[in-house]
2 protein chains.
Amino acid sequence: MAHTYEHPRPALAVDCVVFGLDDADLKVMLIQRGAEPFKGRWALPGGFVRLNETLDDAARRELEEETGLKRVFLEQLYTFGAIKRDPRERVVSVAYYALCNLRDHKVQAATDASDAAWFDLHRLPALAFDHDEILKTAVERLRGKVRYVPIGFELLPRKFTLTQLQRMYEKILDRELDKRNFRKKVLGMGILDETDELQEGVAHRAARLYRFNEAIYKRMVKQGFNFEL
Amino acid sequence: MAHTYEHPRPALAVDCVVFGLDDADLKVMLIQRGAEPFKGRWALPGGFVRLNETLDDAARRELEEETGLKRVFLEQLYTFGAIKRDPRERVVSVAYYALCNLRDHKVQAATDASDAAWFDLHRLPALAFDHDEILKTAVERLRGKVRYVPIGFELLPRKFTLTQLQRMYEKILDRELDKRNFRKKVLGMGILDETDELQEGVAHRAARLYRFNEAIYKRMVKQGFNFEL
DNA sequence: TGACTTAGTGTGTGCTGTACACGAAACTGG
DNA sequence: CCAGTTTCGTGTACAGCACACACTAAGTCA
């Protein structure tokens with residue numbers, strides 16, 4: 001069935017930059033393209049927006065279809081509208097970025113694309129379209145935002161050690177933090193609940209596990225509290 | 001001439017939130033709609049994106065066509081994609097915000113829309129479409145960004161007094177600042193050039209005029225400097 | 001010249017950022 | 001079980017910054 005309009009219009013797509021964290025490094029989920037253009041190249045998961053779904057819905061749908069990821073943190077990033085960014089025709093893409101912890105979402109087999117895999121941020125293959133630019137924008141946004149909004153917790157399991165939390169910030173911000181100052185600061189904020197559980201399966205003294213208390217955080221924000229790392 | 005596509009696609013528009021500052025208050029430029037839907041209602045300047053222009057170009061073009069504004073600071077804000085935001089059909093809108101100083105751009109007669117005018121931010125009429133939501137998002141963004149990027153200067157004339165600078169921040173942030181601390185801080189950053197000119201036409205002691213030195217600012221940013229009010 | 005308005009300036013106090021080191025706990029391997 | 005290895009968890013001192021605060025100087029106007 002064909003669709004006819006009085007004026008020509010760009011196609012509208014969404015693309016998602018999915019960040020994941022494991023013990024080693026910050027990673028990004030990529031999809032190997034099964035069709036032209038850029039067949040065989042790695043690309044961000046994404047696809048065209050349907051008429052009966054919002055942009056957020058489209059991003060979530062594509063994410064699930066192509067990577068199996070559900071219920072992750074997802075936020076609009078920026079809209080890319082360069083004229084030749086897609087060689088076929090004019091495609092404007094609303095980019096999103098997502099955060100999830102790698103433990104819960106290992107190498108999920110993709111249903112839609114020919115392959116999906118996590119890539120180390122420092123060892124990326126050449127990407128299709130303008131996806132390297134989108135990715136760069138996403139990294140900058142993540143770096144900026146993680147410092148004044150507690151979104152970093154989305155990259156960790158629900159219960160985590162303070163060292164894991166610190167490593168997460170160090171990987172994103174790409175610099176080392178002082179252990180004692182870091183702990184003093186985050187504990188002083190009062191948004192972490194200390195559990196009575198300890199880390200398991202490590203070959204050394206086990207660390208205490210903490211949980212992010214979002215309810216307290218939100219209450220404090222209303223009273224003028226400012227998260228800031 | 002009609003245009004036919006295999007799959008249906010949303011229409012793509014841009015809308016601009018233009019902020020202006022005069023001695024009294026922070027203002028927004030609105031356009032009175034001359035056609036349905038929302039005929040007679042006030043709305044943000046904007047229009048549809050053409051195939052041969054980028055999103056930024058579309059925003060600048062619409063801004064000039066509808067308000068006469070050229071060469072202002074313009075930055076992408078957010079993309080709004082609610083399904084029923086336009087009663088006619090599905091329209092996704094990439095919103096921008098712009099900053100300019102009211103002195104240089106008085107009540108320019110609009111060419112395209114039936115009328116354009118500056119509105120006090122605290123006394124806004126009912127707006128068309130979801131433009132109140134876009135506006136709210138723009139105000140939040142401006143509030144957040146003005147504190148750690150020196151974009152506020154775009155709202156002032158090229159040469160300004162420190163009091164004008166302070167008033168600008170007070171109006172945007174909606175709280176009073178301490179005069180001595182403010183001056184100490186901004187002068188201490190070293191990004192303002194003191195001119196040898198004084199304010200003219202005021203009925204009291206004239207204040208010294210300063211200029212924002214963007215070259216120095218950029219150089220300092222490269223060396224790790226962080227603007228922060 | 002007196003009244004009025006805004007410009008321009010410095011100090012003290014408390015808090016926050018930051019630099020920095022070591023003993024305790026738990027596991028490993030011989 | 002002992003020695004070695006790894007990570008955990010903790011406190012202090014100093015410097016720089018945020019913030020509160022008030023008066024004199026300069027210019028205009030009537």
Side-chain angles (χ1 to χ4, degrees), chain A residues 21-24 146-148 150 156-157 159-171 173-211 220 223-229, chain B residues 21-24 146-148 150 156-157 159-171 173-211 220 223-229:
Chain A
L21 192 73
D22 69 2
D23 297 327
V146 89
R147 284 181 44 202
Y148 63 96
L156 296 175
K159 296 174 187 177
F160 49 84
T161 69
L162 294 183
T163 300
Q164 287 173 331
L165 186 64
Q166 183 181 340
R167 294 271 174 279
M168 182 267 288
Y169 278 105
E170 289 177 337
K171 282 169 199 159
L173 300 177
D174 209 21
R175 65 186 159 100
E176 303 212 323
L177 301 173
D178 179 84
K179 188 176 178 181
R180 279 178 288 192
N181 294 334
F182 180 82
R183 292 162 104 93
K184 198 195 313 174
K185 184 143 190 183
V186 297
L187 288 178
M189 289 183 188
I191 56 177
L192 294 187
D193 287 347
E194 181 176 321
T195 72
D196 48 10
E197 295 168 63
L198 298 180
Q199 208 176 12
E200 280 173 16
V202 287
H204 54 78
R205 176 174 173 187
R208 183 166 297 281
L209 294 174
Y210 290 80
R211 227 190 338 240
M220 288 171 68
Q223 290 161 21
F225 168 76
N226 263 326
F227 179 89
E228 198 178 324
L229 184 102
Chain B
L21 191 73
D22 68 2
D23 298 327
V146 87
R147 283 182 45 201
Y148 64 95
L156 297 175
K159 295 174 187 176
F160 49 84
T161 69
L162 294 182
T163 301
Q164 286 172 332
L165 185 64
Q166 182 180 341
R167 294 270 173 280
M168 182 266 289
Y169 278 105
E170 288 177 337
K171 282 170 199 160
L173 300 176
D174 210 22
R175 66 188 160 99
E176 303 212 324
L177 302 173
D178 179 84
K179 188 176 177 181
R180 278 178 289 193
N181 294 334
F182 179 83
R183 292 162 104 93
K184 197 193 316 173
K185 184 143 190 183
V186 296
L187 288 179
M189 290 183 186
I191 56 176
L192 294 187
D193 287 346
E194 181 176 321
T195 71
D196 48 10
E197 295 168 65
L198 298 179
Q199 209 177 12
E200 282 174 15
V202 287
H204 53 78
R205 175 174 174 184
R208 182 166 299 280
L209 294 174
Y210 290 80
R211 227 188 341 238
M220 289 170 66
Q223 290 162 19
F225 168 74
N226 261 327
F227 179 88
E228 198 178 324
L229 184 100

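Computed from a predicted model, the values in this text were never measured in an experiment. In what follows, every heavy atom counts, from backbone to side chain, and hydrogens, waters and symmetry copies are set aside. Throughout, protein chains are lettered first and strands after them, A, B, ... in sequence-line order, and every chain is numbered starting at 1.
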E200(A) CD to dC27(C) C1', in whole Å, measures 14 Å

Answer whether the closest heavy-atom distance between the side chains of Y148(B) and N226(B) falls below 4.5 Å. no

To the side chain of K185(B), which of dC27(C), dT12(D), dA18(D) is closest? dA18(D)

Rounded to whole angstrom units, what separation is found between the CG atom of N181(B) and the C1' atom of dC21(D)? 9 Å

Without decimals, in angstroms, what is the distance between M189(B) CE and dC17(D) P? 12 Å

Of the nucleotides dC21(D), dG9(D), dT28(D), which has the atom closest to the R208(A) side chain? dG9(D)

For R183(A), which contact category applies under a 4.0 Å heavy-atom criterion: base, sugar-phosphate, or nothing? base

Atom CG of D178(B) and atom P of dC17(D): how far apart are they, to the nearest Å? 17 Å

Round to the nearest Å and state the distance from L198(A) atom CG to dT6(D) atom P. 21 Å

Within this structure, what is the CD-to-C1' distance between E176(A) and dA19(C), rounded to whole angstrom? 14 Å

Toward the 5' end of DNA chain C, which comes first, R180(A) or T163(B), by nearest nucleotide? T163(B)

Does the side chain of Y210(A) come within less than 4.5 Å of L156(A)'s, by heavy atoms? no

Regarding the side chain of H204(B), the nearest nucleotide among dT5(C), dC19(D), dC20(C) is dT5(C)

A206(B) or E228(B): which one's nearest nucleotide on DNA chain D is closer to the 5' end? E228(B)

Side chains of M220(A) and F227(A), heavy atoms from C-beta outward: is any pair under 4.5 Å? no

For atom NZ of K184(B) and atom C1' of dA7(C), their distance in whole Å: 17 Å

Check: D22(B) main-chain N/O paired with K171(B) side-chain donor or acceptor under 3.5 Å: yes

Quick one: F182(B) CZ to dG10(C) C1', roughly how many Å, whole number? 18 Å

Side-chain contact check for K179(A): nearest option of dA20(D), dG8(C), dC8(D) is dC8(D)

Go through dT12(D), dA25(D), dA24(C) for me and flag the one nearest to the R205(B) side chain. dA25(D)

Step through the shown structure and confirm whether more than 12 heavy atoms of other residues, nucleotides or ligands are within 6.0 Å of CZ on R208(A). yes

